Structures are given as C-alpha cells and as structure tokens.
Q: 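I have a structure here, written as structure tokens, and I will follow up with some questions on it.
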Amino acid sequence: MRVRGAWIGALSGAALLAGCGGPRPQDPRATLEERRAELRDAIADDPAALDARTELARVAIALHDGVAAEAAVKAALAAGGNAEVLRPLLARAYAMQGDGRRALQTLDAGPIAPEAIGEAAWVAGDVHLDNGDLGAARDAFDRAVRELPRESALWVDVARFRDANADTLGARDAVDYAIELDPQNSGALALKANLVRTQQGLVAALSWYDKALAIDPDNAGALIDQAATFGDLGRYRDMLAALRRAAAVTPGDPRLYYLQAVLAARADDYQLARSLLQRTRGEMDDQPGFMLLSAVVELQLGGEAVAASWAERLLMVQPDNGTARRILAAANWADGDADGAGEALAPLVARADADSWSLLLAARVAAEQGARAASAGYMARAAALTRGDAAPFAVDDDYGLVAMRADAAPLDPAKVIPAIAADIERGRGGAAINRARALRDANRGVADAHILLGDAAMAGGQYELAIEAYRKARDLDASERTTLRLANALYRANDPAGSGAAILALRDSQPSSIAADRLAGHLAMDLEHWDQAIAHFERVRRRIGNRDVVILRELARAWAAKDRDDRALPLIALAYRLQPLNGDIMLIYADLLERQGDRQAAEDLRDKADQIGR
C-alpha cells in the first residue's frame, strides 16, 4: 500500500504544530519528531495519559510510521482507551503497513464512535482505492467528505480517487480545494504537480514540485516524481540529485532503483541497469514501465529468452503495445525462433500504418520460412517509407450483438467502444458519433471521452467536430495522444498553421517528445527553415540512434540545402544501406555523389532507381 502524506494535514492542531498563531514551521517533519519526543516523555511520567498516547499514534501516522502508530494505539487501548474512537487509527496503522485486509477487518470488528465515522470512512476509501475497488472507494469517500468536508488531506485522497477514475477535471477541482483549505499541504502540492504534468506538460509541473518541496523537503514522493520529470526533460544531473535526496529520506524504495536503472540505460550502461532493476526485489514487476525496461535491458545484454519473457508479460497487460511486440520479435529472431518472431510481428504488419522496422524484420522472417512473395511484399512496403492511416480495432463479435449490448448500456465504455468501432467499420459514422457524444456528455471531465468523440468524428469526416473534441481533450490532457490528434485534425481541415502551432506547443510542453520533434522537423522542412529542421531531427537521432531512415534522409536533404555536402553525404549513405530499394533515397544519394564528382556512381544509382520504379 502506498504511504500517504495526508496525515500531516490532518494533524494541524495547535498542540501538534506548536503555535497556532505564529508562522508555520519550515520543516514539519522536524516539528513532528520534536512533538513525538515530548509525548514519549509525558507518557513516561504518566503511563495512564490516554490523550498523549492517542496523539502519539497520530504523530506516528503523520510521520508514515505505521509500526509505531500500531504500538501507540494498542498501548492506548491497553490503558483503557475507547475502542470505538481508536479503531480507525488502528486501521490506518495497518493500512500504512500494507495490510489493507487487516485494516478493513479492524473497521468491521465493532462500532465506530460518531466523531470517528469520517476517519473510518477515509481509511476504508484509501484501502479500497489501493485494492482497485473503485465502487467501494467512491462510497467510502462520499461518506468521509460528508463527515469531514473541510479536511485538506482528505481532499487529496479524493483527488487521487478521481484521477484513478480518469476524471481529470474532478481530480483537478479536488486538489485545488485541498490547497485552498491548506496552502501548506505538501502532499496536495505534489499531487497538483503530477496533474499539471499530464494537463500542461513537464515544464509546467516543475514549479509545483518546487512548492511542495519548499514546504516539506523530505517529501519522498515529490522528490521521486520530480526526478522522473527531470529525466523525461533530459535534465539527468538534476534527476540524479533529486534521486539522491529521495534516497536519504526513503532508502531502499524500489522506485529509486527503477529510475536509476532508467538513467543507466539511457547512458547505455545496461549492466548497471540490470543490477539496479534486480535490487527492486520484485516489488515493481507488475508495472508496465518496469517490464518494458527489463525487456530492453535483457535484449541489449544478450538475454533474448529473458527479454522475450518480459515482453510477453507486458503484452498480457497491454496487448496493443507495439514496442513490446517489436522487442518480442527481435528477441525471438535473435534466439533463432523465426516462427515466434513472425507471430509477434503479425498484428503489426497487418496494419496499414506498419512501421518500416517491423516490415523489414517480417521480410527476413518470411524469407527464412520460404515465403518469398510475402517477403517481397514486406520489403516493398518498407521501401516506400510511407505509412497508411491507422484503422479502428477489429470487432470479433457479431455486429448485432455488439450494438445490442451498447444500446442496453449506453454509458458503459466497455460495451460502447466496441460498438463505435463496429459502426465505423460498417460506415455508420452518424451512429458512432451519437454513441460517443452520449458517453462524452456523461464524462465531460474525462479526456478519453472527448478523444473517443474526436476519433468517431474523424472517421466520419466531420473535422470541425473532431477539432472541438480534441481541444477539449487537450485542455484535460496535453500529452502526445491528444495533441497529435488535434494537429492531424487541423491539418485535414486545411489549417496547416494551426496544426503546426499545436505541434510546436507539444514540443514546448513536452521537450522529450520524439513525435513532436519529428513533426516539427517536417514542418520546418516544408518552410525551408533548414537550421530548425536539423535541430529537430538531430534531437530525434540522438534519442533513437541511426535506425530511422526518414530522419536520416531529411537530415541529408537539409544539410544539402545548406551546401554542406560533407554532412549530407554520410547521412544519405547510411540511409541507403538501411533501405537500398527506396528510389527517393537513391536519387538524393546520386545528386550528392554527382556534386562530389563521382558521375558514374551517380548514374548507376539513377539507373537502379529507374528499374525499381518500373
């Protein structure tokens, strides 16, 4: 169970914070430790002091010390404390130790005092949320809010619950109210930073992490999330500094080892990355990011079987994860399992928008299996360097059954989304839009609901409706998935300037976005802004290496336009080695060779391009 900083906000009385009329302490944890020492001295002088024992339990909870909190509550009970009042505190202590089952059993073990009902509901809500029982969590938090409507720390957990429900707007409102109730609530400010990261981008989140850490420098969660944000921004020194500060606060936290492994992998030190991943001791094995990094690291270190195992585990959780499929295919191919590689690639190469890497590997697999015609087809698609449009997910069930299920539950995404895909597949764009609009109207704070409406509108050719829906989605979630959809819709609606502005906004808010740099580079090429194009494409090349033929080709074109053939020629030569059947690459290569005086080689390339194009 995740430890919360919520109870620091809950313990804001004068006795705990020492001086309700004066300025708030700069280091709340130090203040709490001082108060804990005072309470222990008071209990030593008077073992029957029930109020001191109860307050000691609350201080331990505020310090995230579930074991000490449990001991303090049990000591208070042994000294004659009221079990109906203390039961929620004992449940909280168990929950903080990761024993949610025992926490719920404690709450159910007997009556709860009226003044403690809100606290009990709050604990139950947190346990249900961590267990993934969102329905029970909703009921518990509703009760808790009715009993404790102005408890800042409770509203932080309500915000977490709403965020888990993908209710971005509701989460934003809850955390803003938590900050309004207590501007010094470090946990609320840290959660605000995480929400801003999604809604506005990486750069915008940093100031909120700074605010949270200014109030509580030992907020380990904020330090770890800040470190991850620095990493995504490419600020690796700042990332490492934040991780070191977090390690001093919460040594042994598996998230620290994972993020350090990310840092090591980005520095190509895969042996160190593997060692760090192993130090998590299995505590993050069910996290998709951990599975993906483990697969990458093992593949780089020659552990093809282990890499394939991690990729397969990830695909069980995310069957549409293309990166995991490509890793699985590469691992199987390197391990001599051509059939396994082909099976992993099949869903990717069946798509009109298949990437050239997958197509090239599929061509090699098909050739290995003796399917020469299929191999040639994959090679031709890869050599084209153009990708088709993504198609909706296929619907396996009978259309009538899918539609009936959606009609019976028009607000159930699990039933409505397949029906929308089926409507689109059958050309019933109006029905798809109507279903998506009803779902959107019931979930206006959920970005996915607006995205779904935009996707349905795009499929039906209603670009203005799609633009409106994607703009609403981007207001809630400014990530690649929303912004790139908006840019595409604007472009198709004959607004290239608006499309370019959306791409550049993504580049500014998410500097680590490869897609944003890639598209911004193409936009700069169209405008003949060669230096800008080179800057964008070089950032992509530094991130992914020399494996993207389109990036190499465009860089060569940009350098050639600047009369820097010395930079252009090695790039186009590398592109040609990767894609020797692409006519466009051959012609660019030929022109550059001719400019260098190698006329015969240039003529040979042009002849080859002409023969392929016939």
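The structure displayed is predicted, hence computed values, not measured ones.
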Q: Could you grab the distance from atom CD1 of Ile551 to atom CZ of Arg518, nearest 0.5 Å is fine?
A: 4.5 Å

Q: So which atom in Asp216 and which in Ser186 form the shortest heavy-atom distance, rounded to 0.1 Å?
A: CB-OG, 3.4 Å

Q: Would you call Arg162 and Asp173 a salt bridge, using N to O less than 4.0 angstrom?
A: no

Q: If you compare all heavy atoms of Pro254 against all heavy atoms of Met284, which two are closest, and at what distance to 0.1 Å?
A: O-SD, 3.6 Å

Q: For Ile215 and Pro183, which heavy atoms make the closest approach, and how far apart are they?
A: CD1-O, 3.7 Å

Q: Looking at every non-hydrogen atom in both residues, tell me the closest pair between Leu523 and Gly500 and how far apart they are.
A: CD2-CA, 3.5 Å

Q: Does Asp548 pair with Arg541 as a salt bridge, N-O distance under 4.0 Å?
A: no

Q: Got a sec, which residues hit salt bridge (charged side-chain N to carboxylate O under 4.0 Å, His left out) with Glu180, two or more places apart in sequence or on another chain?
A: none

Q: Between Arg543 and Ser512, which heavy-atom pair has the shortest distance, and what is it?
A: NH1-O, 2.8 Å

Q: Can you list everything that forms a side chain to side chain contact (heavy atoms under 4.5 Å, CB included) with Asn488? Sequence neighbours excluded, please.
A: Met458, Arg492

Q: Taking only residues two or more places apart in sequence or in another chain, which ones pass ring-ring contact (aromatic ring centres under 6.0 Å, His included) with Tyr209?
A: none

Q: Evaluate side chain to side chain contact (heavy atoms under 4.5 Å, CB included) for Thr483 paired with Gln510, printing each intermediate quantity in order.
A: CA-CA 11 Å; Thr483 307; Gln510 307 277 0; over 6 Å; no

Q: Look at Glu119 together with Arg92 and state whether they make a salt bridge at an N to O cut-off of under 4.0 Å.
A: no

Q: Got a donor-acceptor contact below 3.5 angstrom from the Asp182 side chain to the Ala178 backbone?
A: no

Q: Any sub-3.5 Å donor-acceptor pair from Trp155's side-chain atoms to Pro149's backbone N or O?
A: yes

Q: Could you tell me whether the side chain of Ile224 reaches within less than 4.5 Å of the side chain of Asp253, counting heavy atoms only?
A: yes

Q: Who are the ring-ring contact (aromatic ring centres under 6.0 Å, His included) partners of Tyr258, not counting sequence neighbours?
A: none

Q: Side-chain contact, heavy-atom cut-off 4.5 Å: Leu276 with Leu272?
A: yes

Q: Considering all heavy atoms of both residues, which atom of Ala212 and which atom of Ala222 are nearest to each other, and what is their separation?
A: CB-CB, 4.4 Å

Q: Apply salt bridge (charged side-chain N to carboxylate O under 4.0 Å, His left out) to Asp167 and list each qualifying residue two or more places apart in sequence or on a separate chain.
A: none

Q: Donor-acceptor pair, Asn321 side chain versus Ala324 backbone, under 3.5 Å?
A: yes

Q: Taking ring-ring contact (aromatic ring centres under 6.0 Å, His included) as the test, write out the residues that go with Trp310, two or more places apart.
A: Phe290

Q: Please list all pairs meeting salt bridge (Lys or Arg N to Asp or Glu O under 4.0 Å) that have one or both residues in residues 289-305, counting only residues at least two apart or in different chains.
A: Arg274-Glu298

Q: Side chain to side chain contact (heavy atoms under 4.5 Å, CB included) with Ser509: which residues, sequence neighbours excluded?
A: Leu506

Q: What's the spacing between Arg474 CZ and Leu476 CG if we round to 0.5 Å?
A: 11.5 Å

Q: If you count the non-hydrogen atoms of other residues, nucleotides and ligands that lie under 6.0 Å from CZ in Arg547, is the total more than 12?
A: no

Q: Quick check against the 3.5 Å criterion: does Tyr470 have a side-chain atom that pairs as donor or acceptor with the backbone of Asp455?
A: yes

Q: Keeping Arg507 on the side-chain end and Pro511 on the backbone end, is there a donor-acceptor pair under 3.5 Å?
A: yes

Q: Should Asp163 and Arg160 be marked as a salt bridge (charged side-chain N to carboxylate O under 4.0 Å, His left out) after you check the CA-CA gap, both sets of side-chain angles, and the distance that decides it?
A: CA-CA 5 Å; Asp163 189 44; Arg160 288 197 311 110; over 6 Å; no

Q: Just to verify, what does His522 make a ring-ring contact (aromatic ring centres under 6.0 Å, His included) with, not counting sequence neighbours?
A: Phe537

Q: Only distances under 3.5 Å count here; give the side-chain donor-acceptor pairs of residues 237-251 to other protein atoms, sequence neighbours excluded, each with its distance to 0.1 Å.
A:
unit_1 : atom_1 : unit_2 : atom_2 : d
Asp238 : OD2    : Arg235 : NE     : 2.8
Asp238 : OD2    : Arg235 : NH2    : 2.8
Arg245 : NH2    : Gln226 : OE1    : 3.4

Q: Decide yes or no on salt bridge (charged side-chain N to carboxylate O under 4.0 Å, His left out) for Asp477 and Arg172, but give the supporting numbers first.
A: CA-CA 11 Å; Asp477 178 353; Arg172 182 192 305 173; over 6 Å; no

Q: Return the set of residues passing salt bridge (charged side-chain N to carboxylate O under 4.0 Å, His left out) with Asp286 (not counting sequence neighbours), or none when no residue passes.
A: none

Q: Surrounding CZ of Arg279 (heavy atoms of other residues, nucleotides or ligands, distance under 6.0 Å), is the total greater than 12?
A: no

Q: Sequence neighbours excluded, which residues qualify as salt bridge (charged side-chain N to carboxylate O under 4.0 Å, His left out) partners of Glu33?
A: Arg36

